[in-house]
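Atoms within each ligand, like the ligands themselves, are counted from 1 in listed order. What you see is a predicted model, and the numbers here were worked out from it, not measured in a lab. When a residue number appears, it is its place in the shown sequence, counting from 1.
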Amino acid sequence: FFSNLFYKRIMMEQLDLYLSIAIKAAKMSGDILKRNFKKQFIIEDKGNRDIVTSIDKASEELLYRYFQKVTPEINFYGEETLGNIEGISWVVDPLDGTKNYVHRIPYFGVSIALCEDLLPIVGVVYFPLLGELYMATKGNGAFLVKNNEKSIFVKKQRILCSSTERIDHCFLATGFPHSKSQLLGDYMSELENVLKNVSAVRRFGSAAYDLCQVAKGTFDGFWEHGLESWDMAAGALIAEEAGCTVSKSDGAPWNIKSPTIFVSNQQLHTKLLDIFSSK
Ligand code: IPD
Ligand code: CA
Ligand code: CA
């Protein structure tokens, strides 16, 4: 009785509603990160050469409370408190780039995704010191909104991945699996192969930032081993909606539980996969 178009519209309206909730949450969390950036905060050891600050915790607490209040029907899964990732779930990183934050480097942000059966359908990443908020919903493109000098969000613009085709022009980002040393062997041989072929490789210290920069076309691609769902979920959707191909580092289909991620523009994807595994 109802047309497909009707269902599509309902679906889009639903996604837009969740997108606006995620944006509001990201701005509130971003304010906490920005306000405390230059202040003293508590830093604790969290595991194998990993740390957590009182600001990571405050940001997650705010996100948890907010999502419980406005979407009690949706699960919550955050880096600092975990929770339930199954079914429909908010998957959040309350502060991506904690070590940058501690060393007062402005590449850090909050990453929020709504996931359905381990695949992101809404993604928002906000870098409060850079004044950049990235967003996407499944099937509807990726966008960037910037803050002006008065901290008001202006100029929503669509973002697209790069169109670089030549490997020797390729500008890539990566992350080191420094706290998962069992992954270093494979990673180092990939890195060696990549360094012998591409124009340059950068390491920024925030996977969410790397993914958004591939979405925006600054980098032609990004790969990392050993990331967690909260690091990648939102950024991967934003990159995909900007036209990138997202897979595991062997080219197999990716989801938020995948142990690796490899994102690049479509033209470079297969060529780079060959380089990762070349001898
Ligand atoms: C880290 C950052 C970093 C990546 C690490 C992540 P955190 O997240 O995204 O770029 O290399 O693997 O753990 O700990 O700052 O939220
Ligand atoms: Ca992270
Ligand atoms: Ca984090």
May I ask you to identify, for [X], whether its side chain, its backbone, both or neither come under 4.0 Å of ligand 1 on a heavy-atom basis?
X    : value
L227 : side chain
A207 : both
R203 : side chain
E224 : side chain
E228 : neither
T98  : both

Quick one: which ligand 1 atoms are inside 4.0 Å of a heavy atom on [X]?
X    : result
D93  : 16 (O)
L95  : 16 (O)
G97  : 7 (P), 15 (O), 16 (O)
G205 : 2 (C), 3 (C), 10 (O)
D96  : 1 (C), 2 (C), 7 (P), 8 (O), 9 (O), 15 (O), 16 (O)

Taking [X] first and then [Y], would you say they form a salt bridge - that is, a charged N and a carboxylate O separated by under 4.0 Å?
X    : Y    : value
K248 : D250 : no
K138 : E116 : no
K57  : E61  : no
K271 : E165 : no

*Answer yes or no as to whether an N/O/S atom of D231 is found below 3.0 Å from the Ca ion (ligand 2).*
yes

*Using 3.0 Å as a strict upper limit, say whether an N, O or S atom of E79 approaches the Ca ion (ligand 2) that closely.*
no

*So, F222 versus F204, ring centres under 6.0 angstrom or not?*
no

*With respect to C170, which candidate in V201, D220, V194 satisfies the side chain to side chain contact (heavy atoms under 4.5 Å, CB included) definition?*
D220

*Regarding R203 and the six-membered ring of F176, is the cationic atom NZ or CZ under 6.0 Å from the ring centre and inside 45° of its axis?*
yes

